[in-house]
Amino acid sequence: MLRNVLLAASPWALVIVLWYAVAWSGLVNPALIPTPHQVAAKGWELLTTQRLPVDILMSTQRVALGVTFGIALAVPVGFVLGWYRDVRRFLDPLLNFFRALPPIALIPLVIVYFGIGEPAKVVILFYASFFAGVIVMYEGIAQISPIYVRVARTLGASDGEIFRRVIVPLTVPHMLTALRVALGVAWATLVASELIAAQQGLGALIQNASSFFQLDIIYVGIICIGLIALAMDLTIRAITRRLVAWQERIA
């Protein structure tokens, strides 16, 4: 237990030490790099004035909605693409075309079609989540060995039983992986989504701070995004370990 704690804490301690080293080295203008304790003090100030909790809540809500809608569509679409080769060959070029488009490039069109309210921000996150999730999903489905299906048929299983007892369990790890990837992409796209006239949210906090050169607030926003995304990822990994305990893993 102690070894695991030390292994988990060591990278964070190293980052803080390097941060202080760069800030105090004189190689960079001190005004451009606030120290960790300055950022922590500003974070506590924002937290106690209730600005930061509201921003965290709004951003988390937007990401949760975008990822939920994106994965809800990505799972069945990815399953169809992975299971039916002809459908995959037909749609693959179109899918990869839209996947390569950065969400920020779509902001003008999203504003035209969805306005500047909450739906527009969720649409941007949905777009990013869907294409990230569907790629993971259909690649995972396509790699399922057909031997499992053949063995089940040999044992007399019906199509319904094969789907429930063979296909669904084998796709659960891919669903959870798609969710993890979609969450990561959604948090990475958050600032772009909140370019759409957002008054609240971590992306809006960062953008407003950049306008006034408030670097400590920018650091606070970035750290909050990273920590929330990390907490969500750890939660999904814990759920994955419980749901797919039957799956053989290297570690």
Side-chain angles (χ1 to χ4, degrees), residues 55-82 87-140 174-175 177-215 217-230 232-233 236:
D55 288 330
I56 290 174
L57 178 62
M58 292 299 299
S59 292
T60 303
Q61 178 179 296
R62 289 164 183 154
V63 169
L65 288 173
V67 171
T68 298
F69 294 141
I71 290 297
L73 184 60
V75 167
V77 171
F79 182 87
V80 171
L81 291 171
V87 176
R88 182 166 69 250
R89 288 174 177 171
F90 178 71
L91 292 178
D92 188 68
L94 190 65
L95 189 68
N96 281 285
F97 171 83
F98 283 104
R99 183 176 67 91
L101 296 178
I104 195 171
L106 302 177
I107 287 179
L109 291 178
V110 170
I111 292 175
V112 169
Y113 297 129
F114 296 95
I116 60 174
E118 288 300 307
K121 301 170 183 60
V122 174
V123 164
I124 291 291
L125 295 170
F126 162 80
Y127 179 90
S129 303
F130 170 74
F131 286 101
V134 77
I135 293 296
V136 174
M137 192 67 194
Y138 93 67
E139 287 291 348
H174 305 302
M175 293 180 191
T177 301
L179 178 58
R180 286 183 63 193
V181 173
L183 271 173
V185 172
W187 279 109
T189 313
L190 176 68
V191 176
S193 73
E194 291 182 344
L195 283 171
I196 306 175
Q199 300 300 317
Q200 295 175 322
L202 293 172
L205 178 74
I206 292 172
Q207 293 170 50
N208 293 336
S210 67
S211 300
F212 298 98
F213 203 67
Q214 297 171 314
L215 297 182
I217 296 180
I218 294 175
Y219 274 79
V220 169
I222 292 172
I223 291 171
C224 285
I225 290 175
L227 289 178
I228 298 169
L230 176 62
M232 287 185 168
D233 187 69
I236 296 174

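With sequence neighbours left out, R180 forms a side-chain hydrogen bond (donor to acceptor under 3.5 Å, both in side chains) with D233. Residues that satisfy the side-chain contact (heavy atoms from CB on, under 4.5 Å) test with P93, not counting sequence neighbours, are absent from this structure. Judged as a ring-ring contact (aromatic ring centres under 6.0 Å, His included), and not counting sequence neighbours, F69 has no contacts. Remark: A229 engages W187 in a side-chain contact (heavy atoms from CB on, under 4.5 Å) (not counting sequence neighbours). For the side-chain contact (heavy atoms from CB on, under 4.5 Å) test, residues two or more places apart in sequence or in another chain that qualify with F97 are L101. Remark: S59 pairs with E194 by the side-chain hydrogen bond (donor to acceptor under 3.5 Å, both in side chains) rule, at least two apart or across chains.
The line from OG1 of T68 to CG of L183 is 8.5 Å long, rounded to the nearest 0.5 Å. Rounded to the nearest 0.5 angstrom, S210 OG and F212 CZ are separated by 9.5 Å. Here the straight-line distance linking atom CD1 of I223 with atom CD1 of I228 works out to 12.0 Å at 0.5 Å rounding.
Annotation: salt bridge (charged side-chain N to carboxylate O under 4.0 Å, His left out) contacts involving residues 126-136, sequence neighbours excluded, are absent. Contacts classified as salt bridge (charged side-chain N to carboxylate O under 4.0 Å, His left out) and involving residues 122-133 (residues at least two apart or in different chains) are not found. Counting only residues at least two apart or in different chains, salt bridge (charged side-chain N to carboxylate O under 4.0 Å, His left out) contacts with residues 94-114 are absent. Screening residues 109-135 for salt bridge (charged side-chain N to carboxylate O under 4.0 Å, His left out) gives R62-E118 as the qualifying pairs, with residues at least two apart or on separate chains.
A heavy-atom distance below 4.5 Å is not found between the side chains of F79 and V77.
Smallest separation of non-hydrogen atoms from I56 and C224: CD1-SG, 4.3 Å. When all heavy atoms are compared, the tightest approach of P108 to A105 is CD-O, 3.6 Å.
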Pairs under 3.5 angstrom only: tabulate donor-acceptor contacts from the side chains of residues 197-206 to other protein residues two or more places apart or in another chain.
none

Per-pair distances, 0.1 Å, donor-acceptor, side chain in residues 122-140, under 3.5 Å, sequence neighbours excluded:
residue	atom	partner	partner atom	Å
Y127	OH	F98	O	2.4
S129	OG	L125	O	2.7
Y138	OH	D92	OD1	2.6

